[in-house]
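Report on one structure; see the data block that follows.
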2 protein chains.
Amino acid sequence: MDVGRIIDTALKLIDEVGIQALTLRMLADALDSGTATLYRHFNGKDELLALVADRILGEVGIPPEELDSLSWREAVAAAAETFYDTLRRHPHAVPLLAAQVPVGPNGLRARERLITLLLSHGFSVGLAARTFTAIGHYVIGFAIQQHGPGTPRPEDQVQLRDYYHSLDPATYPATTAAADELTSVPLHEEFRFGLDLLVDGLEQARRKDS
Amino acid sequence: MDVGRIIDTALKLIDEVGIQALTLRMLADALDSGTATLYRHFNGKDELLALVADRILGEVGIPPEELDSLSWREAVAAAAETFYDTLRRHPHAVPLLAAQVPVGPNGLRARERLITLLLSHGFSVGLAARTFTAIGHYVIGFAIQQHGPGTPRPEDQVQLRDYYHSLDPATYPATTAAADELTSVPLHEEFRFGLDLLVDGLEQARRKDS
DNA sequence: ACCTGAACACCGTTCAAGT
DNA sequence: ACCTGAACACCGTTCAAGT
């Protein structure tokens with residue numbers, strides 16, 4: 001019984017039932033073991049979840065060669081998209097990455113990779129650090145809201161649109177007018193919209209910086 | 001025993017001990033009542049938490065006159081800052097706002113207010129809707145990561161900096177070089193940096209839109 | 001030396017019994 | 001009609017007892 005298998009199983013179960021519903025008994029059963037045995041490999045549920053978080057970051061896997069042939073704009077966008085795609089594969093697990101600054105081995109590797117990239121494109125150390133934080137926060141923050149515990153499934157989107165339309169137009173003229181636009185934009189497009197805003201803003205910040 | 005007093009007490013307890021540690025027994029005790037009695041006012045803990053979320057949105061309170069005399073850039077930034085300040089007053093409660101799209105009365109009022117503002121400054125309905133979503137997601141996403149359950153208290157920032165410095169510079173040249181910048185920027189400044197990127201990006205999006 | 005069944009002190013939720 | 005003590009089926013965690 002190695003730690004890797006425990007973490008893989010834990011992530012699989014979280015993908016199926018969510019963090020709240022994941023039980024140490026459930027995990028122990030899936031591993032044909034008992035809850036007490038699990039405590040021999042980590043100190044409690046919180047530590048287990050931190051290991052799962054780094055396990056997810058290890059899945060991101062940015063292809064290094066590809067990234068280096070791109071402009072900084074394209075590279076930043078590609079890194080953010082790749083990260084976002086990984087988070088979308090594990091919607092129930094996203095809150096784990098917001099719980100703390102990831103300092104596991106895979107988190108370190110990803111941070112090093114992106115900051116190196118920014119520095120190689122002429123970003124100052126200060127601007128690179130703030131850019132990394134801003135982009136990272138944006139991706140995780142977006143994913144947690146669009147794909148977290150209260151996931152807006154397609155039928156909920158329709159429900160929400162109908163709810164907005166059912167409001168009194170006299171009291172809520174703007175909301176009812178924008179009801180379709182507020183609920184019809186595909187999540188990925190919404191993500192890309194904000195990401196492009198950030199990159200466009202960075203373009204200006206970079207000019208001021210140098 | 002009215003619902004308002006229950007919600008106020010629940011929020012006060014969440015501010016003190018967090019969502020996870022809030023117990024219905026604890027809440028019942030604080031109200032000199034029993035857990036079973038609480039169920040006469042809402043159906044379970046989740047519904048209680050949704051009511052607390054809208055209670056927080058009610059606290060935001062954007063002064064209408066002030067906002068209307070500003071440029072759209074200043075108004076968007078001011079609204080985001082005001083929202084952010086409210087979330088900072090209730091760090092433990094922020095995850096509640098990420099759990100679902102807020103459709104309580106106070107959430108509706110805030111959305112209506114901001115979309116109206118964008119429309120009055122010439123934004124198209126489509127751009128206004130996406131801007132609202134992008135800004136809202138940014139503020140909540142940032143707050144949840146900087147002030148959520150794994151709050152980076154000042155001493156943790158120092159610890160994190162020392163940790164980055166302790167890494168092997170050969171393996172992590174960029175991270176060790178940026179260690180100070182990654183950990184020394186005040187949270188509010190970091191928030192403002194990303195917000196300004198978004199607003200600068202919006203400036204361009206608005207030009208393309210019209 | 002390593003593992004684990006069984007227990008501990010909790011939790012959210014329910015309902016029969018009280019007023 | 002309204003309220004609630006006490007119970008239910010859980011949970012994360014611990015440790016004495018087994019192999």
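Lettering of chains follows the sequences in order, A, B, ..., and the numbering in each one begins at 1. All values reported here derive from a predicted model rather than from experimental measurement. Hydrogens, waters and symmetry mates are skipped; everything else that's a heavy atom, side chains included, is used.
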| said: Here's a test of your reading of the structure: between A:Tyr39 and B:Thr35, which maps to the more 5' nucleotide of DNA chain D? | reply: B:Thr35
| message | What I want to check is whether the side chains of B:Glu112 and A:Thr175 have a donor and an acceptor closer together than 3.5 Å. | response | yes
| Exercise: do B:His188 and B:Glu81 side chains pair donor with acceptor under 3.5 Å | yes
| Which nucleotide in the list D:dC2, C:dC15, D:dG12 gets nearest to the side chain of B:Ala36? | C:dC15
| field | For atom CD of B:Gln20 and atom C1' of C:dG12, their distance in whole Å | value | 13 Å
| said: Within the structure provided, determine whether B:Ile144 and A:Gln145 are in side-chain contact (heavy-atom separation under 4.5 Å). | reply: no
| task | Send over the distance from A:Leu49 CG to D:dC11 P, rounded to a whole Å. | result | 15 Å
| note | Between NZ of A:Lys45 and P of D:dC10 the distance, given in whole Å, is 16 Å
| field | Among C:dC2, D:dT13, C:dG12, the nucleotide that comes nearest once only the side chain of A:Arg40 is considered | value | C:dC2
| Is there a side-chain contact between B:Leu87 and B:Phe142 (heavy atoms, below 4.5 Å)? | no
| said: Just so I know, are the side chains of A:Asp180 and A:Arg161 near enough to count as touching, which here means a heavy-atom distance under 4.5 Å? | reply: yes
| task | Write down the distance between CG (B:Leu38) and P (D:dT4), rounded to a whole number of angstrom. | result | 10 Å
| task | Quickly work out the A:Asp32 CG to C:dG5 C1' distance and round it to whole Å. | result | 16 Å
| request: Give the rounded distance in Å between these two atoms: CZ of B:Phe42 and P of C:dG12. | output: 11 Å
| task | Scan residues 22-30 of chain A against DNA chain D and write down, sorted by residue number, each residue with any heavy atom closer than 4.0 Å; if none is found, say none. | result | A:Leu22, A:Thr23, A:Leu24, A:Arg25
| request: Rounded off to whole Å, could you give me the NE2-to-P distance for the A:His41 and D:dT14 pair? | output: 17 Å
| query | Can you check side chain to side chain contact (heavy atoms under 4.5 Å, CB included) on B:His90 and B:Ile14, steps first, answer last? | reply | CA-CA 8 Å; B:His90 304 288; B:Ile14 287 173; over 6 Å; no
| query | Where do B:Tyr163 and A:Val103 come nearest, in terms of heavy atoms and distance? | reply | OH-O, 3.3 Å
| query | Paired with D:dT14: which nucleotide, if any, by Watson-Crick or G-U wobble criteria at under 3.5 Å for both distances? | reply | C:dA6
| query | At under 4.0 Å between heavy atoms, what does A:Ser33 touch on the DNA or RNA strands: base, sugar-phosphate, or nothing? | reply | sugar-phosphate
| query | Side-chain N or O of A:Thr37 less than 4.0 angstrom from OP1 or OP2 on C:dT4? | reply | yes
